[in-house]
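Structure first, then comments.
Note that the structure is predicted; figures quoted are calculated from it, not measured.
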Amino acid sequence: MGTKLSFYDMTNAQLQAHIRRLAQDSARVVFTFHAQERMLQRTVSDWEVYECLRCGFIQRPPVRDNKTGSLRCRMEHFGASRNLAVVAALDDDDPDVVVVTVMTKTR
């Protein structure tokens, strides 16, 4: 078998597909305390975050977090009432997707 492709070697489309696939199983999505605080502050539900991860797009280049070594990807989803962005962290050593923060923009 071939070697596993590192997240750092993936294109935006490959990362997007990977995050969408992981988000199909909510048990594979982990929320940081910071993300939970932002969700409360901005009245964003878990369902909206899962929807963003399952249907959103990565339009900006991912950024390496020098502190944790993870790759941070910003998934964006444009809904009927507001736009939502979820910063998700991926780590080659962790099979789950970690929700780092949640941002909203009302139309």
Side-chain angles (χ1 to χ4, degrees):
M1 293 285 197
T3 58
K4 181 181 170 191
L5 186 64
S6 170
F7 292 125
Y8 298 103
D9 297 326
M10 290 184 176
T11 65
N12 281 7
Q14 289 170 319
L15 290 166
Q16 180 179 288
H18 180 73
I19 292 170
R20 286 179 174 181
R21 190 171 39 258
L22 286 177
Q24 295 302 316
D25 178 5
S26 60
R28 302 291 306 268
V29 178
V30 178
F31 292 85
T32 63
F33 180 72
H34 175 81
Q36 291 172 335
E37 283 183 320
R38 293 300 165 259
M39 289 167 64
L40 267 173
Q41 179 184 36
R42 297 172 177 139
T43 62
V44 174
S45 68
D46 293 358
W47 182 87
E48 289 176 289
V49 172
Y50 293 131
E51 189 69 13
C52 181
L53 294 174
R54 292 172 184 156
C55 302
F57 295 93
I58 297 177
Q59 297 180 338
R60 300 173 184 211
V63 177
R64 181 186 185 107
D65 183 337
N66 291 327
K67 186 176 178 181
T68 65
S70 64
L71 186 66
R72 292 189 176 198
C73 305
R74 181 174 168 157
M75 294 287 287
E76 297 178 278
H77 185 260
F78 306 101
S81 62
R82 64 180 169 182
N83 299 336
L84 187 66
V86 174
V87 176
L90 298 172
D91 190 318
D92 287 331
D93 297 327
D94 186 354
D96 298 328
V97 60
V98 178
V99 176
V100 177
T101 195
V102 176
M103 299 164 279
T104 60
K105 181 176 179 184
T106 306
R107 290 185 183 182

How long is the span from the CD1 atom in Ile19 to the CZ atom in Arg54, to the nearest 0.5 Å? 13.5 Å
Please step through side chain to side chain contact (heavy atoms under 4.5 Å, CB included) for the pair Leu84 and Val44, ending with a clear verdict. CA-CA 9 Å; Leu84 187 66; Val44 174; 4.0 Å; yes
Side-chain heavy-atom pair Met39, Asp46 within 4.5 angstrom cut-off: yes
List the steps, then state whether side chain to side chain contact (heavy atoms under 4.5 Å, CB included) holds for Arg38 with Met103. CA-CA 8 Å; Arg38 293 300 165 259; Met103 299 164 279; over 6 Å; no
Determine whether Val30 and Val86 fall in the same hydrophobic cluster, where Ile, Leu, Val, Met, Phe, Trp and Tyr are linked whenever their side-chain heavy atoms lie under 4.5 Å apart. no
If you define the side chain from C-beta out and look only at heavy atoms, does anything of Leu90 sit under 4.5 Å from Ser70? no
Looking only at non-hydrogen atoms, find the nearest pair between Leu15 and Pro62 and report the distance. CD1-CG, 3.5 Å
Are Tyr50 and Val87 in one and the same hydrophobic cluster, where Ile, Leu, Val, Met, Phe, Trp and Tyr link if side-chain heavy atoms are under 4.5 Å apart? no
Min side-chain heavy-atom separation His77-Glu51 under 4.5 Å: yes
What's the spacing between Phe57 CZ and Glu76 CD if we round to 0.5 Å? 10.5 Å
Would you say Val49 and Val102 make side-chain contact, with heavy atoms under 4.5 Å? yes
Is the Phe7 to His18 ring centre distance short of 6.0 Å? yes
